[in-house]
Amino acid sequence: ERRSLGATIAGELGSLDALDGFVRREGRPDVHFRGVGRVAIVSSDSTIGVAIAPAVFALCAKARVTVKDRDDALVTAFAATLAEERPEFGDALETEVWRGDDAAQQYRLVRADTVVAYGRDETLTRIRATLDPGVRFVPYGHRTSVGYVSREALDDPAEARAVARAAALDALLYDGDGCLSLHALFVERGGATGARDFAKLVAAACDDVAVEFPAGYVERDAPLVAYLRDALFRAAQGEGFVAAGMSGPHVVVLDPPREEPPPFLRRTLALYSVDDPAEAARMLRTHALPLEAVALSGGARADIERFALESGAARVADLGRLQDPPLGGEHGGQGRILPVVRAIYRG
């Protein structure tokens, strides 16, 4: 990752040297980027390790960093390992676990120059209200990801099974809680494997993947139970297809009602059979889904690429790689190091 880290910083600032002094820019004044004094990062309860990347970039900017860690203390473990390898980071990175109603939280945040926060929209609104106008706020709110499978990807049975496994991985990893979790998959009609048969492949793939990546919970919660009950009722009436996990509490549903948005439920994947990307795009517009990524399978087609680019997503990925984003990507459409530096120009 060292190469990716350096390339990302150089790409956003123009040069790594800009962190240490003035550098020349073609057609613009010389510039020097300095890290802000303090950066506070608020982890999401749902996404494992989400604070590590922004913390690393803030440290590269020579800022002091405080991270609100999750109960699993993964970032705390990362900080301890980093301090062992590079003692100079021991005092630059501190981690704590605090609750949203902790009276000291406001102090931790208001003394920061930049606050990076992950969480629900209402949580982000509450955090923003505690900050002074001059504090740079970088929010990452509720978002989801969708996928599109072309008819060409379903012409070969072996490829169809591989695509089904890719979809299962994207849907089940991290219990489907993060913004890169697959919750809706559009399946193009006209392939040798039809949408119903493909849904059965996805259900079987989810059973296999669930053995490798079991759920972090045992029982389905009430919203998921209600969603599954409704899907089973429709299937009994001959509408669509539904499969509940044999090796874990996951659910795969084919063609649920389109007047309803896709289910943002744990380890739950809705498949929608469509004639073309335009039909999928209409559904996205109807529900105004806030997308982090669109995953594609089946090769490059101009209409599918256009669908992905016009979806509003910040990332286009290969199906099966949603949960493995590159370090240098602009998560949420934001720069990696730019939010934690200030520019000083000479001229």
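The residues of the chain are indexed from 1 along the displayed sequence. Basis for what follows: all heavy atoms, side chains included, without hydrogens, waters or symmetry-related copies.
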| message | Between Leu13 and Ile337, is there a side-chain heavy-atom distance shorter than 4.5 Å? | response | yes
| request: For Leu93 and Ala55, work out which heavy atoms get closest and say how close. | output: CD1-CB, 4.5 Å
| said: Would you say Val294 ends up clustered with Leu269 if hydrophobic residues are merged whenever their side chains have heavy atoms under 4.5 Å apart, either directly or through other cluster members? | reply: no
| query | Is the closest basic N to carboxylate O distance between Arg267 and Asp175 below 4.0 Å? | reply | yes
| said: By the salt bridge (Lys or Arg N to Asp or Glu O under 4.0 Å) test, which pairs, at least two apart or in different chains, include something from residues 250-264? | reply: Asp255-Arg258, Arg258-Glu279
| note | On a heavy-atom basis, the closest approach of Ser181 and Gln323 is OG-NE2, 3.3 Å
| Partner set under ring pair (Phe, Tyr, Trp, His ring centres under 6.0 Å) for Phe22, not counting sequence neighbours | His32
| query | Where is the tightest heavy-atom contact between Pro263 and His183, given as atom of each residue plus distance? | reply | O-ND1, 3.3 Å
| So does Arg86 have more than 12 non-hydrogen atoms from other groups sitting under 6.0 Å from CZ? | no
| task | Would you indicate whether the side-chain heavy atoms of Val56 and Phe78 approach each other to under 4.5 Å? | result | yes
| message | Tell me whether Arg321 is salt-bridged to Asp324, with the criterion being a basic N under 4.0 Å from an acidic carboxylate O. | response | yes
| query | If we only count heavy atoms from C-beta on, is the Val253 to Phe241 side-chain gap below 4.5 Å? | reply | no
| task | Considering only NZ, NE, NH1 and NH2 on the basic side and carboxylate oxygens on the acidic side, decide whether Arg189 and Asp275 come within less than 4.0 Å. | result | yes
| query | What do you reckon, is CD of Gln237 surrounded by more than 12 foreign heavy atoms closer than 6.0 Å? | reply | yes
| Separation of Arg111 CZ from Arg38 CZ (nearest 0.5 Å) | 4.5 Å
| Considering all heavy atoms, the nearest Ala58-Val39 contact | CB-CG2, 4.1 Å
| Aromatic plane relationship, Tyr118 with His331 - under 30° parallel, 30 to 60° tilted, over 60° perpendicular | tilted
| field | Distance, nearest 0.5 Å, that separates CG of Asp303 from CG of Asp276 | value | 7.0 Å
| request: Could you tell me whether Arg128 atom CZ has more than 12 heavy atoms of other residues or ligands within 6.0 Å of it? | output: yes
| query | Would Phe57 end up clustered with Phe33 when hydrophobic side chains under 4.5 Å apart are linked, directly or stepwise? | reply | yes
| said: I'd like to check the side-chain contact (heavy atoms from CB on, under 4.5 Å) partners of Glu305; sequence neighbours left out, ordered by chain and number. | reply: Ala300
| Crowded around Phe233 CZ? As in, over 12 foreign heavy atoms under 6.0 Å? | no
| task | Answer yes if the side chains of Asp69 and Thr95 hold a donor-acceptor pair under 3.5 Å, and no otherwise. | result | no
| said: Under the salt bridge (Lys or Arg N to Asp or Glu O under 4.0 Å) definition, can you give me all pairs with a residue in residues 8-22, not counting sequence neighbours? | reply: Asp20-Lys62
| note | Scanning both residues in full, the closest heavy-atom pair of Ala314 with Gly332 reads CB-C, 3.9 Å
| request: Scan for salt bridge (Lys or Arg N to Asp or Glu O under 4.0 Å) pairs involving residues 72-84, sequence neighbours excluded, and state none if there are none. | output: Arg70-Asp72
| Joint cluster assignment, Leu296 & Phe198, ILVMFWY side-chain distance < 4.5 Å | no
| task | Check step by step if salt bridge (charged side-chain N to carboxylate O under 4.0 Å, His left out) holds for Arg342 and Asp113. | result | CA-CA 10 Å; Arg342 61 186 183 91; Asp113 301 286; over 6 Å; no
| remark: Here the salt bridge (Lys or Arg N to Asp or Glu O under 4.0 Å) pairs for residues 140-156, sequence neighbours left out, are Arg143-Glu292, Arg151-Glu188, Glu152-Arg301
| message | Tell me whether Phe264 shares a hydrophobic cluster with Leu180, the cluster being built from Ile, Leu, Val, Met, Phe, Trp, Tyr side chains joined at under 4.5 Å. | response | no
| query | Can Val274 be reached from Leu289 by stepping across I, L, V, M, F, W or Y side chains whose heavy atoms are under 4.5 Å apart? | reply | yes
| task | Using a 4.5 Å cut-off on heavy atoms from C-beta on, say whether the side chain of Val202 contacts that of Val163. | result | no
| remark: On a heavy-atom basis, the closest approach of Ala210 and Leu172 is N-CD1, 4.1 Å
